[in-house]
Number of protein chains: 2
Amino acid sequence: MTHFHDATTCQSCNQRFTSVFCKAKQEFIAEINEQKVCNVYKKGQTLFNEGSYPFGVYCINEGKVKLSHLGDDGKEQIIRLLRGGDVLGYRALLSGERYSASAIVLEDTQVCFIPKELFISVLKNDAGLAFEMMKLLSDELHKAEVKLTHLAQKPIRERLAETLLFIKETYGYEADGVTLNVRLSREEIANLVGTATESTIRLLSEFKKDGMVELEGKKIKILRQKELIRTANLQD
Amino acid sequence: MTHFHDATTCQSCNQRFTSVFCKAKQEFIAEINEQKVCNVYKKGQTLFNEGSYPFGVYCINEGKVKLSHLGDDGKEQIIRLLRGGDVLGYRALLSGERYSASAIVLEDTQVCFIPKELFISVLKNDAGLAFEMMKLLSDELHKAEVKLTHLAQKPIRERLAETLLFIKETYGYEADGVTLNVRLSREEIANLVGTATESTIRLLSEFKKDGMVELEGKKIKILRQKELIRTANLQD
DNA sequence: CATAAAACATGATAAAAATCATGTATAAGG
DNA sequence: CCTTATACATGATTTTTATCATGTTTTATG
């Protein structure tokens with residue numbers, strides 16, 4: 001079972017230099033620190049569910065979370081992968097709507113919760129944070145638009161290669177320098193790529209046959225990153 | 001040729017109650033009014049090009065604009081359709097990057113340009129506007145995520161029906177109450193749906209045969225909206 | 001540790017969609 | 001108005017991808 005340090009203060013948080021909050025004024029950080037509620041979620045648990053109302057935002061201290069949508073036919077589409085330092089739940093909060101996606105923990109994860117009213121009031125009084133927030137939203141929007149274009153125009157083989165590279169960018173490698181530092185089921189990878197599970201399994205086998213990856217259960221090792229990049233056919 | 005009223009002031013602009021700027025403080029509106037530059041663009045002209053640096057944001061007074069991405073193989077993907085009251089160019093500006101999409105005018109369009117420095121400074125000093133901006137970004141992000149899910153999970157037939165409904169939501173009908181109030185080529189519709197042009201042509205013919213639409217060159221009439229909604233298979 | 005359930009794997013088949021080919025209509029330009 | 005280019009249309013074919021079927025492996029659980 002994963003061990004976490006005791007929940008400390010926002011002022012000494014590991015993520016204080018990487019999260020959006022790093023640009024917030026000290027006085028507001030102090031206030032957030034007082035009102036935040038930290039919790040540890042176990043693998044498979046849910047931070048929030050699509051369709052319910054947001055009461056605040058979540059700040060990941062350490063761990064991994066997936067954000068996923070249910071399609072009209074109930075099929076999961078993974079929208080984003082999150083790690084320590086990432087904030088989530090702000091989209092629905094800002095739009096004033098229900099959550100349009102569910103946040104599910106991929107491995108034991110430590111999360112701080114910041115109440116809605118506080119978050120909004122800080123945002124309204126701290127132009128620096130507001131600006132960071134707009135940047136964050138802009139970046140997410142950009143990523144979504146690129147993904148949209150790839151989804152519309154690229155074959156599954158390229159999208160799978162791209163997804164593997166994306167997983168690596170997000171969670172990095174384990175100590176050995178080749179194993180992706182997350183365990184995702186084939187179905188989850190498929191739901192990230194936007195394809196059928198069988199197609200993903202088949203293509204992963206091909207990638208293995210081609211020597212690009214090595215598969216050991218849910219462990220995926222990237223053996224030839226350059227070839228994967230070529231397979232992904234990325235221009236930008 | 002389309003006729004436009006003389007460019008008036010922001011204070012008397014038709015869009016002053018619908019655009020994001022409606023929540024900005026009067027003093028800032030006045031400043032924007034002084035520095036804005038209004039222009040009329042003709043069909044096919046470009047407001048800005050993917051890859052170039054943003055110098056400000058564009059506010060559509062009247063007209064229609066498409067925002068499109070080029071895929072890695074050079075194929076257009078239409079990301080958004082814009083109309084009077086919409087603002088564009090803020091995404092790249094906020095991220096501090098080059099434009100990731102091009103804005104091309106679909107019909108003669110009147111646009112006001114607001115310089116980067118002014119926009120940023122107003123945004124930093126007017127929490128109300130900043131908040132509206134975050135809402136706008138959140139809404140766009142939401143739309144992009146839904147589109148992404150549909151692109152991944154829905155067949156082209158459903159996506160085309162959805163796209164026709166989307167065009168209707170965006171630009172509405174002409175005076176007759178059935179003709180979509182925009183002229184898009186089949187290729188543009190395909191680039192909105194995310195499919196091959198031939199597939200779009202074929203399916204539009206089917207929709208016509210089924211009595212859902214009527215086609216007269218680039219004029220598209222929606223005859224049975226309910227059936228279209230059913231065909232789009234929308235749950236949410 | 002046995003047993004059930006879930007996840008993985010792979011072949012066969014069907015369905016969906018893209019591409020190619022060709023012809024027609026429509027719009028643009030001299 | 002004629003010519004040329006472009007857009008539209010539709011059939012034939014191929015490619016891609018999903019689905020179905022079935023077996024194997026792994027994982028969870030009493």
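Within every chain, numbering begins at 1; the chains are lettered A, B, ... in the order of the sequence lines, protein sequences first and strands thereafter.
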Round to the nearest Å and state the distance from [X] atom [atom1] to [N] atom [atom2].
X	N	atom1	atom2	value
Q153(A)	dA17(C)	CD	C1'	15 Å
E198(B)	dC20(C)	CD	C1'	8 Å
E187(A)	dA6(C)	CD	P	12 Å
L160(B)	dA18(C)	CG	C1'	16 Å
K209(B)	dT10(D)	NZ	P	8 Å
K219(A)	dT26(D)	NZ	P	13 Å
L203(B)	dA16(C)	CG	P	11 Å
E158(B)	dA17(C)	CD	C1'	15 Å

Report yes or no: is the cationic atom of K36(A) (NZ for Lys, CZ for Arg) under 6.0 Å from the centre of the six-membered ring of F113(A), at an angle within 45° of the ring normal?
no
Choose from [options] the nucleotide whose nearest atom is closest to any side-chain atom of [X].
X	options	result
I156(A)	dA18(D), dT10(C), dA9(C)	dA18(D)
P155(A)	dT17(D), dT10(D), dT10(C)	dT17(D)
S199(B)	dT10(D), dT19(D), dA17(C)	dA17(C)
A196(A)	dT19(D), dC8(C), dT19(C)	dT19(D)
R186(B)	dC8(D), dC20(D), dC8(C)	dC8(D)

So what does T195(A) touch, heavy atoms closer than 4.0 Å: a base, only the sugar-phosphate, or nothing?
sugar-phosphate
Would you kindly say whether E162(A) and H150(A) are connected by a side-chain donor-acceptor distance under 3.5 Å?
yes
Distance alone, cut at 3.5 Å: any donor-acceptor contact between the side chains of R91(B) and S95(B)?
yes
Per nearest nucleotide of DNA chain C, the residue lying toward the 5' end, A152(A) or K218(A), is K218(A)
Reckon S205(B) has a side-chain N or O less than 4.0 Å from the OP1 or OP2 of dT10(D)?
yes
Comparing nearest nucleotides in DNA chain D, the 5'-proximal residue of the pair K43(A), S185(B) is S185(B)
Distance criterion of 3.5 Å, no angle test: do you see the side chain of R202(A) paired donor-to-acceptor with the base of dT19(D)?
yes
Aromatic ring centroids of Y90(A) and Y58(A) under 6.0 Å?
no
Sidechain-backbone polar pair: T109(B) side chain, K64(B) backbone, donor-acceptor under 3.5 Å
yes
